[in-house]
2 protein chains.
Amino acid sequence: MARPRAFDDDKALDAAMECFWRRGLEATSVRDLTMEMGINGPSLYNAYGDKRALFARVLARYAERWMRERIERMERDSSGKSAIRTFLHELIERSIKDEHRRGCLIVNSALEISPHDNELREVIASYLCEIEMFFLRCLKRGQESGEIGSHIDPRDAARHFLGLVLGIRVAARSRPERALLEGMVRPALAQLDFPLH
Amino acid sequence: MARPRAFDDDKALDAAMECFWRRGLEATSVRDLTMEMGINGPSLYNAYGDKRALFARVLARYAERWMRERIERMERDSSGKSAIRTFLHELIERSIKDEHRRGCLIVNSALEISPHDNELREVIASYLCEIEMFFLRCLKRGQESGEIGSHIDPRDAARHFLGLVLGIRVAARSRPERALLEGMVRPALAQLDFPLH
DNA sequence: TGGATACTGTAACGGTCGTAACAAAATCGT
DNA sequence: ACGATTTTGTTACGACCGTTACAGTATCCA
């Protein structure tokens, strides 16, 4: 049929992910990408379309690997309450140990993407929904098992935890201090332990 | 001595603020700025230095007008608890009515600024501290007056509210839905009303 | 009135941006 | 072995980037 590809798709996309993750969409040039991915401009355009299409592809890859992986891993936890706790503490741990201050590609993109780019905005909105739904499932599970009081509205609480996830990621960019991030979540987690009223 | 300035400093800085607020630091070109500010390139460089210096100036102006103004206005409230409530609800209202999806310049910048730009990063960190300290003062005031239970750790709660402020601003960028944003804060505000344990 | 001084406008600098034309090279089915 | 097909490397496009030289202009103090 035709000449086969000389580069590894997975490696190239991982390299592109690293670029966009560190510098964002605008600040990453196509030259940065080609150098880091080890391919030439025309190969990039032939394989992935333009820069924005590559970004969208990388964003989906990121969500799959770093968001859904974590959600699925947490949901293997038998306790909904401990799943929430572990999720948040792992998030804090990652945020603090994040040497290159990359943060989270989804959160970074939520702010960087132009408000007029409806396609990417909706993609990002759907990722936020997935996080919200994860918390909602955990909360309902915890209430069914009795470990979380029924006085808590799981819909509101899920949104509340989503807000904290986003807040942690933003705060960690300029103030990656453990005391700050742990203080942020402690009241929310404590509320799950309150006795029924 | 010399020829006086032909443009209004305040108007020019407001125009620059609007540019950076809508598009961010990178995506705003010097040509965008000169056109919107109504001045020429050399005048811009003569008056404000380079683009980054102008951005820093605009950021300080933004903090003064949109962050400190609100904090000071809220602190005129005799009740610490109601100051917190009003602050958050006003934030939500602004986020929903934000036609151009500008969000908050400070939060936007917290994510956009390069992690290696220590000067701007520290400026932004100091703004986050100011917000945290505002909440801390409100909480302490509320506890002294007895309207907030003493079982609440004001340091943690202040960080918690800061996290929510940041989370609201991020979420509103892609999901400016009232139900979402109000759900985010409701559990945190409800906690202030809990009876002592 | 005449410098001294600061601002304005025009024009352009070198550099980088995202993207594409084009030909050479490598693989396939036949 | 050949023609069809796809990827690769070279090169360069026009546009825009942040920034500045320079000459012209307006204002103040003397």
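Labels below follow one simple rule: chain letters A, B, ... track the order of the sequence lines, proteins then strands, and each chain is numbered from 1.
Contacts of A:Pro42 with the nucleic acid, taken as non-hydrogen atoms under 4.0 Å apart, include base atoms. Looking at heavy-atom distances under 4.0 Å, A:Thr28 makes contact with sugar-phosphate atoms alone, never a base.
Relative ring orientation between B:Phe87 and B:Phe135 is described as perpendicular, the plane-to-plane angle rising above 60° on a 0-90° scale split at 30° and 60°.
Ion pairing between B:Glu72 and B:Arg68 fails under the 4.0 Å rule for side-chain N and carboxylate O.
Separating the CZ atom of A:Arg5 from the C1' atom of D:dG9 is a distance of 16 Å, rounded to the nearest angstrom. C:dG9 atom P lies 10 Å from atom CD1 of B:Ile39, rounded to whole Å. To the nearest angstrom, P of C:dG18 lies 17 Å from OH of A:Tyr48. Summarising the geometry, the separation between CZ on A:Phe7 and P on C:dA25 is reported as 20 Å, rounded to the nearest angstrom. Atom CG in A:Leu54 sits roughly 11 Å away from atom P in C:dT19 (whole-Å rounding).
Nearest to the side chain of A:Asn40, among D:dT19, D:dT8, D:dT6, sits D:dT8. In the set D:dG18, C:dA6, D:dG9, D:dG18 carries the atom at the smallest distance from any side-chain atom of B:Lys51.
Side-chain N/O atoms of A:Tyr45 include none lying less than 4.0 angstrom from OP1 or OP2 on C:dA20. B:Asn46 has a side-chain polar atom (N or O) that falls below the 4.0 Å cut-off from OP1 or OP2 of C:dC7. Contact annotation: B:Ser43 side-chain N/O to C:dC7 OP1/OP2 distance is not under 4.0 Å. Here B:Ser29 reaches the OP1 or OP2 of D:dC17: one of its side-chain N or O atoms lies under 4.0 Å away.
A donor and an acceptor atom sit less than 3.5 Å apart, one in the side chain of A:Arg3 and one in the base of D:dT7.
Residue B:Arg31 is the one, among B:Arg31 and A:Arg52, whose nearest nucleotide of DNA chain C lies closer to the 5' end (criterion: closest heavy atom). Summary of the strand contacts: B:Glu26 and B:Ala2 both lie near DNA chain D, and taking for each the nucleotide with the nearest heavy atom, the more 5' one is attributed to B:Glu26.
Side-chain atoms of B:Ser29 and B:Asp32 include a donor-acceptor pair closer than 3.5 Å.
Judged purely by atom type and a 3.5 angstrom limit, B:Glu147 has no side-chain atom pairing as donor or acceptor with the backbone of B:Ser82.
Here A:Phe20 and A:Tyr62 keep their ring centres 6.0 angstrom or further from each other.
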